[in-house]
Amino acid sequence: MKTDVFALRHIGPRDEHFKEMLQVVGANSIDELIVETVPDNIRLESPLNLDMPLSEQEYFEHIHHLASKNKVYKSYIGMGYHPSNLPAVIQRNILENPGWYTAYTPYQAEIAQGRLEALLNYQTMISDLTGMELANASLLDESTAAAEAMALLFAVRPKPQAKAGTVKFFVSDEVLPQTLSVLKTRATPIGIELVLGAFNDFDFSSDFFGALLQYPGKSGVIMDLQKFISEANQNDIKVAVAADILSLITLEAPGKCGADVVVGTTQRFGIPMGYGGPHAAYFATKEAYKRFIPGRIIGVTKDMDGNRALRMALQTREQHIKRDRATSNICTAQVLLAVMAGMYAVYHGPEGLRYIAQKVHATAVTLADSLENLGFDLIHDGFFDTIQIRVPENSTLKTTAEHNEINFYYPDTTTVSIAVNETTTLSDLNLILSIFAESYVKKTTQIQTLSSNIRIPETAKRHSSFLSNVIFNSHHSETELMRYIKRLERKDLALNFSMISLGSCTMKLNAAVEMLPLSWPNWGDIHPFAPINQVEGYQIVLTELESQLTEITGFAGTSLQPNSGAQGEFAGLMVIRAYHESRGDHHRKICIIPSSAHGTNPASAVMAGMKVVVTKSSENGNIDVADLREKAILHKDNLAALMITYPSTHGVYESAIKEITQIIHDHGGQVYMDGANMNAQVGITNPGTIGADVCHLNLHKTFAIPHGGGGPGVGPICVAKQLTPFLPGNPLIETGGDQAINAISGAPFGSALACLISYGYIKMLGAKGLTDSTKIAILNANYIKDRLEGHYNTLYTGEQGRAAHEMIIDCRDFKTKGIEVVDIAKRLMDYGFHAPTVSFPVAGTMMIEPTESESKAEMDRFCDAMIAIRKEIETTTKEVPNNPLKNAPHTQEMLTNDVWDFPYSRAVAAFPLEYIKEDKFWPSVRRVDDAYGDRNLICTCAPIEAYAEV
């Protein structure tokens with residue numbers, strides 16, 4: 001074995017296993033299998049034009065070298081991003097721990113109780129600090145969270161406002177510029193009119209349905225929130241507040257002031273800036289709006305024995321259910337980052353957080369006092385951490401600061417803004433003072449101690465309590481937190497335990513060598529608005545990654561800005577919209593979507609101001625070409641786009657794909673390809689070849705970014721030549737096309753830190769490794785399909801009986817035995833496996849995707865488990881539901897109980913196959929009751945009083 005070939009570490013099956021696997025699938029070679037699977041007219045004729053692959057050692061040296069090209073200056077830019085201290089116990093045990101970062105979204109709650117508890121802690125933290133009744137489990141970034149708040153307030157307008165066509169939304173001129181740009185992107189397609197102005201001048205006209213305030217403002221000013229919201233409420237105007245999470249330790253909670261929605265970022269709670277992300281945004285609102293809240297919510301329920309359990313709540317309000325009736329297309333969160341931010345609060349507790357916030361404020365006050373003593377004027381007397389100073393024009397301040405490796409923010413030629421942070425020391429303050437003194441020829445003295453003065457307005461001071469729950473008052477030593485984190489980790493099944501064969505999710509290896517650079521300060525400690533000449537390493541990585549993805553997709557340009565797959569969908573459609581409008585085709589707003597599409601597709605189309613027209617699927621699961629042609633002809637004058645997934649969501653390469661895309665082009669539309677199944681294309685075909693014009697990619701699927709238990713994700717878009725001028729821009733850093741649409745996310749390059757993973761993945765695999773990965777993903781899927789043949793029916797296959805990289809097995813006939821597909825999913829837990837995707841895209845089925853990273857031995861264990869379960873189904877009857885499937889999963893508490901009232905043995909319950917005895921995974925709760933949890937919605941930890949003895 002060549003130990004310096006990364007592909008051999010990434011791909012699971014060994015050479016000696018291929019012959020046996022090919023015998024099972026009935027092919028003479030892997031290439032023959034590919035010929036039988038992928039249509040001739042879309043296969044690439046030449047290999048990808050990429051650099052030769054690097055070994056792990058070579059890549060490590062390469063990424064070290066690039067890191068050294070980034071200049072890590074002290075950042076006082078602020079603007080929503082601040083240096084913070086990541087506790088080593090959290091870095092080591094969560095960020096760098098595959099038990100946390102390789103888990104999937106907790107749809108299977110019984111084997112996800114650990115991260116569900118961590119997310120409940122996070123929600124409790126957010127609810128407490130914001131003073132709101134309900135918080136979700138995180139969003140993508142502050143700017144998109146603010147846009148979601150605007151959309152929610154628009155959706156919940158009172159009937160008189162909706163009837164009167166009230167569409168104006170006030171935005172304070174203190175709102176962050178990147179947030180304003182994202183608001184513009186989201187507002188226009190759905191008919192919202194943004195009005196920008198000073199909060200003191202707002203007239204509370206009945207023409208407005210809502211308002212957004214920044215608290216504190218981008219200049220550091222602390223407005224009278226209570227007064228503004230009170231007057232807004234009197235005029236039936238709902239208010240959203242974008243609040244700095246650390247400031248809420250010292251400033252009164254917006255919820256206590258009457259806010260309807262509070263959003264922001266938790267980046268300050270120990271998360272590296274990472275040149276823009278990923279970070280966990282928060283979203284909190286009133287319980288009255290629970291059916292409209294975007295993203296995911298964790299709630300408390302009970303299991304079959306009545307014990308407390310957690311699960312994702314209110315899932316019927318999500319976009320995959322509501323589709324084109326959804327107010328948001330969000331289908332993910334930033335779970336890994338939310339878990340880290342929540343643990344930051346658990347570790348420090350309320351008193352520790354209060355100490356940090358008070359120290360930050362004292363640091364700002366000390367600097368302000370010292371600058372005033374030097375003769376400088378502050379623009380605002382009241383502030384939390386950000387001060388703005390008037391300075392003469394044409395000074396050497398910026399040059400002197402950068403010479404001393406310091407970045408300030410310069411709103412204009414006579415203003416400098418300085419945002420201090422958790423990491424700022426007395427030495428830092430003295431250096432700042434010396435820079436001002438040198439720049440303006442002033443004499444200064446050394447600061448010896450922090451000021452005890454307070455510059456927070458009396459009306460804004462916090463009086464309400466927070467984080468009184470036991471969990472935030474228990475784990476303040478490193479030993480205790482380490483053990484708590486481990487206790488939660490043991491409750492969750494992640495890729496470090498067994499295969500997670502979720503169809504359409506691509507749970508492949510996230511190699512350690514790809515992950516390690518995320519912890520390096522030369523990548524993590526970079527502000528997204530740092531001058532370009534300080535981020536040469538990042539620019540090399542991001543530019544080359546864009547080039548790599550452009551080559552892989554067969555397109556002409558790429559934007560890395562969208563920070564999730566759903567955001568990529570929206571971005572792609574907005575680029576198509578801009579293209580049509582540039583040609584005077586403002587009327588082109590019809591978007592055709594197959595009936596089998598993921599729910600984000602219609603939700604994204606509606607967000608982009610399009611009208612959804614659904615086209616049929618044929619009996620074999622493919623797009624009904626005749627129906628598509630009929631609809632394209634009918635809507636030819638107004639056709640904007642077709643949204644397709646390829647291979648299809650049914651796990652098939654449709655041979656008519658080129659005909660389908662040509663039909664759309666012939667009738668004036670553009671083709672958007674959902675990149676969810678790109679793992680079946682790389683190196684074999686590509687979106688450009690099949691005739692698409694734009695696609696989004698899920699870097700957290702195909703390109704090895706881990707799912708993190710439900711985020712982060714990265715969803716770049718790749719576009720054909722005619723769409724490149726419209727790639728999204730940013731108001732502070734130049735990026736995008738020459739006719740760029742407004743921002744999709746807050747940071748110019750989205751979640752840049754996470755992009756390092758995909759960059760490394762491509763650099764180490766190279767053209768051949770990437771292509772081989774696709775081939776083996778297809779081989780693995782067909783191997784499982786044929787091993788399960790005779791036990792489960794595969795619902796759809798290609799014209800020669802082959803599956804793509806995933807396949808759907810039909811479980812609907814088992815209803816005659818009283819068995820639902822969910823029973824199989826829960827029983828798989830007893831066998832040590834996470835279930836495949838359940839009931840998508842067809843109800844009553846399972847979609848299985850093994851990826852290229854799984855070994856033959858692991859796939860055999862999975863197949864053995866599925867076959868054993870199939871035999872168990874044969875012994876069940878509808879009339880007698882007391883069986884291993886209906887009672888699954890079986891917990892350790894059940895097995896060790898003195899009472900065993902089941903008509904099968906403990907061994908059958910917990911150890912049905914021999915391999916399980918070697919390494920048993922125990923679900924920590926029995927099957928959860930989703931309906932009970934939704935009827936009795938509890939989305940925070942119990943208060944400390946609940947633990948008091950009665």
To the nearest 0.5 Å, atom NZ of K163 lies from atom CZ of R157 at 13.5 Å

| Taking the six-membered ring for Trp, are the ring centroids of F204 and F228 within less than 6.0 Å of each other? | yes

Mark yes or no for whether D303, through its side chain, and D929, through its backbone, hold a donor-acceptor pair below 3.5 Å. no

### Query
Hey, does L119 have a side-chain heavy atom less than 4.5 Å from the side chain of L310?
no

Residues 166-178 vs side chain to side chain donor-acceptor pair (under 3.5 Å), sequence neighbours excluded, gives E174-S219

In short, L467 meets P350 closest at the heavy-atom pair O-CG, 3.5 Å

Under 3.5 Å side-chain donor-acceptor pair for Q358 and T250:
no

Residues D260 and T285: closest non-hydrogen pair is O-OG1, 2.8 Å

Nearest heavy-atom approach of A341 to M125 is O-SD, 3.8 Å

Answer yes or no: is there a donor N or O on one side and an acceptor on the other, between the side chain of D203 and the main chain of S205, under 3.5 Å?
-> yes

Within the 4.5 Å heavy-atom criterion, are V263 and L139 side-chain neighbours or not?
no

All heavy atoms of A608 vs all of P189, minimum pair found to be C-CB, 3.4 Å

Residues passing the side-chain contact (heavy atoms from CB on, under 4.5 Å) test with H82, sequence neighbours excluded, are D244, Q267, R268, D385, A419, N421

Closest non-hydrogen atoms of R311 and V928, given as atom of the first, atom of the second and distance, are CB-CG2, 4.2 Å

Smallest heavy-atom separation, V182 atom then A147 atom, equals CG1-CB, 4.0 Å

Between H707 and H700, what is the ring plane arrangement, given parallel below 30°, perpendicular above 60°, and tilted in between?
-> perpendicular

**Asked** If you measure only the distance, is there a donor-acceptor pair under 3.5 Å linking the side chains of E569 and T600?
**Response** yes

d(D141 CG, N563 CG) to nearest 0.5 Å is 5.0 Å

dist K826:NZ -> M304:CE (nearest 0.5 Å) comes out at 11.0 Å

Rounded to the nearest 0.5 Å, the CD atom of Q214 sits from the NZ atom of K218 at a distance of 9.0 Å

Does a donor on one side chain and an acceptor on the other come within less than 3.5 Å for Y104 and R115? no

Checklist entry - So do N235 and F208 actually touch side chain to side chain, heavy atoms under 4.5 Å? => result no

Separation between CD1 (I192) and CG (L183), nearest 0.5 Å, reads 9.0 Å

